[in-house]
Amino acid sequence: MRYFLMSLVILFGAVSQAQAGLTIHAAEIGIGKFHRYDNSVHAYASNNAWTPYILPQDADSKTPLVVENADRSITVFFSTLEELLTEVAKISQQRGEKISVLNFNAHGLPGAMWFPMNENFKNSFECWQWTAAATGSDKANYDQYYTPISKKDVMSIRDFSESGGVVPCTTGLNQWKLILGTVTQAKAAFAKDLKLNLLSCVVGLGPVGDKFMSSLGALLTDSGDVRLISSLNFGLGDWSMPEGMGFWDFQSDEQLSHDNSIYGVNRKDREIMQKGKVRVTALLKGAWQSTVLENQDFMGLDRELSDLSKAQWGRETLSRSVSKPKSVRIPGTGVYEAVK
């Protein structure tokens, strides 16, 4: 009996150690302003998944801003990838803990997110539309979120997920590679079982999204049990989605007409939510591969994942021949950016 109890102590100690680690919520500054205004209209409960993303009442557009939450998680409001990764590394060093969960909340496109990689990029003409939104009022960020989307907007994003291209002021693989080469201490801050949640619209969509996720995983680590999770659908994350990010997408002309007729008026994500798909990317037998989990209600912000024991892993290939769109709309905004 004594040896049995000692074994339980060792076992629970090992489990506790395995589960230890920091959770970092990374909120792009414009997203923080959206949640602050949304919270003033519909007060978030303390257990709402989006509560850590509410920009403090007395904060302006200056970043980075670090906030410690009641559950010991940390929120970093950021403008550029470089300042975010610099803060993440600093927090890990100060706490003496590795980052087990890193949640990104920002506007997205297949294979990229809409924010600058560094201060020089931020101050360039290329980022003028992002700068206008990020430094704009809370209400402006709130109002643009609820702008109805057209079928053409959806289809151009789907084409982009197959064709790829360069969109101004986005941070994709090349930008991650450059900044990780600059902030060399960042990778050391990540736990071997890091879960990176990209809480952004359509980041994992199509071959472009698949390539980005697999390549990003390879940049972060060449070992361990890292998981990267991204959405193949448009994301929903207002006050009415306390469980985490929900999903929406074009299904039919009738559905789109119905959703657009109520969305800008009622401003309630839950009224148009659908089942969604998430891409899980992992290192398996020396190669970065992904699997798609379907019929998801939410993309959670914790460490829990569906059972992956029977998942079909691989790499996505082009499914159709498309022309590169001339422009794409940044989901969650009213901004259109040119595609090169």
Side-chain angles (χ1 to χ4, degrees), residues 31 34 105-114 129-130 133 141 143-170 172 198-213 230-238 240-241 245-279 292-299 316-340:
I31 290 286
F34 163 79
N105 193 199
H107 298 299
L109 283 172
M113 288 171 282
W114 193 51
Q129 292 203 89
W130 177 87
N141 279 277
D143 288 342
Q144 72 170 351
Y145 179 86
Y146 291 107
T147 307
I149 191 168
S150 71
K151 182 177 180 179
K152 181 180 178 181
D153 292 339
V154 176
M155 295 307 168
S156 67
I157 288 173
R158 291 183 182 179
D159 287 347
F160 183 82
S161 76
E162 300 269 354
S163 68
V166 178
V167 176
C169 209
T170 54
L198 300 184
L199 304 167
S200 303
C201 295
V202 298
V203 170
L205 180 63
V208 170
D210 181 23
K211 181 179 179 180
F212 169 67
M213 297 302 292
S230 57
S231 174
L232 276 67
N233 304 104
F234 295 83
L236 303 177
D238 72 0
S240 67
M241 309 294 288
M245 192 174 82
F247 308 99
W248 179 90
D249 222 310
F250 170 80
Q251 295 176 336
S252 68
D253 292 334
E254 293 75 17
Q255 166 258 335
L256 180 65
S257 177
H258 167 267
D259 290 354
N260 279 345
S261 70
I262 62 173
Y263 192 55
V265 177
N266 298 344
R267 300 191 171 195
K268 185 178 182 181
D269 279 346
R270 207 170 195 90
E271 290 186 339
I272 63 169
M273 68 181 291
Q274 306 167 4
K275 295 281 187 178
K277 299 178 182 180
V278 297
R279 184 182 300 282
V292 174
L293 304 178
E294 301 187 3
N295 297 314
Q296 302 294 300
D297 291 314
F298 304 97
M299 183 172 161
E316 192 168 342
T317 57
L318 291 173
S319 60
R320 59 197 178 105
S321 177
V322 301
S323 299
K324 183 187 298 182
K326 294 182 179 179
S327 66
V328 290
R329 177 176 170 177
I330 306 296
T333 78
V335 172
Y336 290 83
E337 294 277 21
V339 179
K340 298 180 182 179

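None of the values given here were measured: they were computed from a predicted structure.
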Do we see a donor-acceptor contact under 3.5 Å between the side chains of Asp238 and Ser240?
yes
Short side-chain to backbone donor-acceptor contact, [X] and [Y], under 3.5 Å:
X: Lys324; Y: Lys340; result: yes
X: Asn260; Y: Ile149; result: yes
X: Ser257; Y: Glu254; result: no

Using 30° and 60° as the class boundaries, would you call the ring planes of Trp248 and Phe234 parallel, tilted or perpendicular?
perpendicular
Atom [atom1] of [X] and atom [atom2] of [Y]: how far apart are they, to the nearest 0.5 Å?
X: Leu236; Y: Met241; atom1: CG; atom2: CE; value: 5.0 Å
X: Asp153; Y: Lys151; atom1: CG; atom2: NZ; value: 12.5 Å
X: Gln296; Y: Glu294; atom1: CD; atom2: CD; value: 9.0 Å
X: Tyr145; Y: Asp269; atom1: OH; atom2: CG; value: 3.5 Å

Do Asp143 and Arg267 pass the salt bridge (charged side-chain N to carboxylate O under 4.0 Å, His left out) test, and can you show the C-alpha distance, the side-chain angles, and the key distance before you say yes or no?
CA-CA 9 Å; Asp143 288 342; Arg267 300 191 171 195; 2.7 Å; yes
Contact between [X] and [Y] at the side-chain level, heavy atoms closer than 4.5 Å - yes or no?
X: Arg158; Y: Asp249; value: yes
X: Cys201; Y: His107; value: no
X: Leu198; Y: Met113; value: yes
X: Ile157; Y: Pro331; value: yes
X: Phe247; Y: Asp297; value: no

Could you pull out all residues at least two apart from Phe298 that satisfy ring-ring contact (aromatic ring centres under 6.0 Å, His included)?
none
Heavy-atom closest pair, residues [X] and [Y]:
X: Val328; Y: Pro325; result: CG1-CG, 4.0 Å
X: Met213; Y: Gly204; result: CG-CA, 4.5 Å
X: Leu232; Y: Val278; result: CD1-C, 3.9 Å
X: Gln255; Y: Phe250; result: OE1-C, 3.6 Å
X: Ser150; Y: Arg329; result: N-NH1, 4.5 Å
X: Arg279; Y: Leu205; result: NH2-C, 4.4 Å

Could you check Leu109 against Phe212 for side chain to side chain contact (heavy atoms under 4.5 Å, CB included), going step by step and ending with a plain yes or no?
CA-CA 11 Å; Leu109 283 172; Phe212 169 67; over 6 Å; no
Kindly determine whether Lys326 and Val339 satisfy side chain to side chain contact (heavy atoms under 4.5 Å, CB included), including the steps that lead there.
CA-CA 5 Å; Lys326 294 182 179 179; Val339 179; over 6 Å; no
Go through it in stages, so that I can follow the logic: the residues are Thr170 and Trp130, the test is side chain to side chain contact (heavy atoms under 4.5 Å, CB included), and I'd like the CA-CA distance, side-chain angles, deciding distance and then a yes or no.
CA-CA 9 Å; Thr170 54; Trp130 177 87; over 6 Å; no
Side chain to side chain contact (heavy atoms under 4.5 Å, CB included) between Phe160 and Val202: does it pass, once the steps are laid out?
CA-CA 11 Å; Phe160 183 82; Val202 298; over 6 Å; no
Go through the steps for Tyr146 and Asn266 under the test side-chain hydrogen bond (donor to acceptor under 3.5 Å, both in side chains), then give the verdict.
CA-CA 9 Å; Tyr146 291 107; Asn266 298 344; over 6 Å; no
Who passes side-chain hydrogen bond (donor to acceptor under 3.5 Å, both in side chains) against Glu337, sequence neighbours left out?
Trp114, Gln129
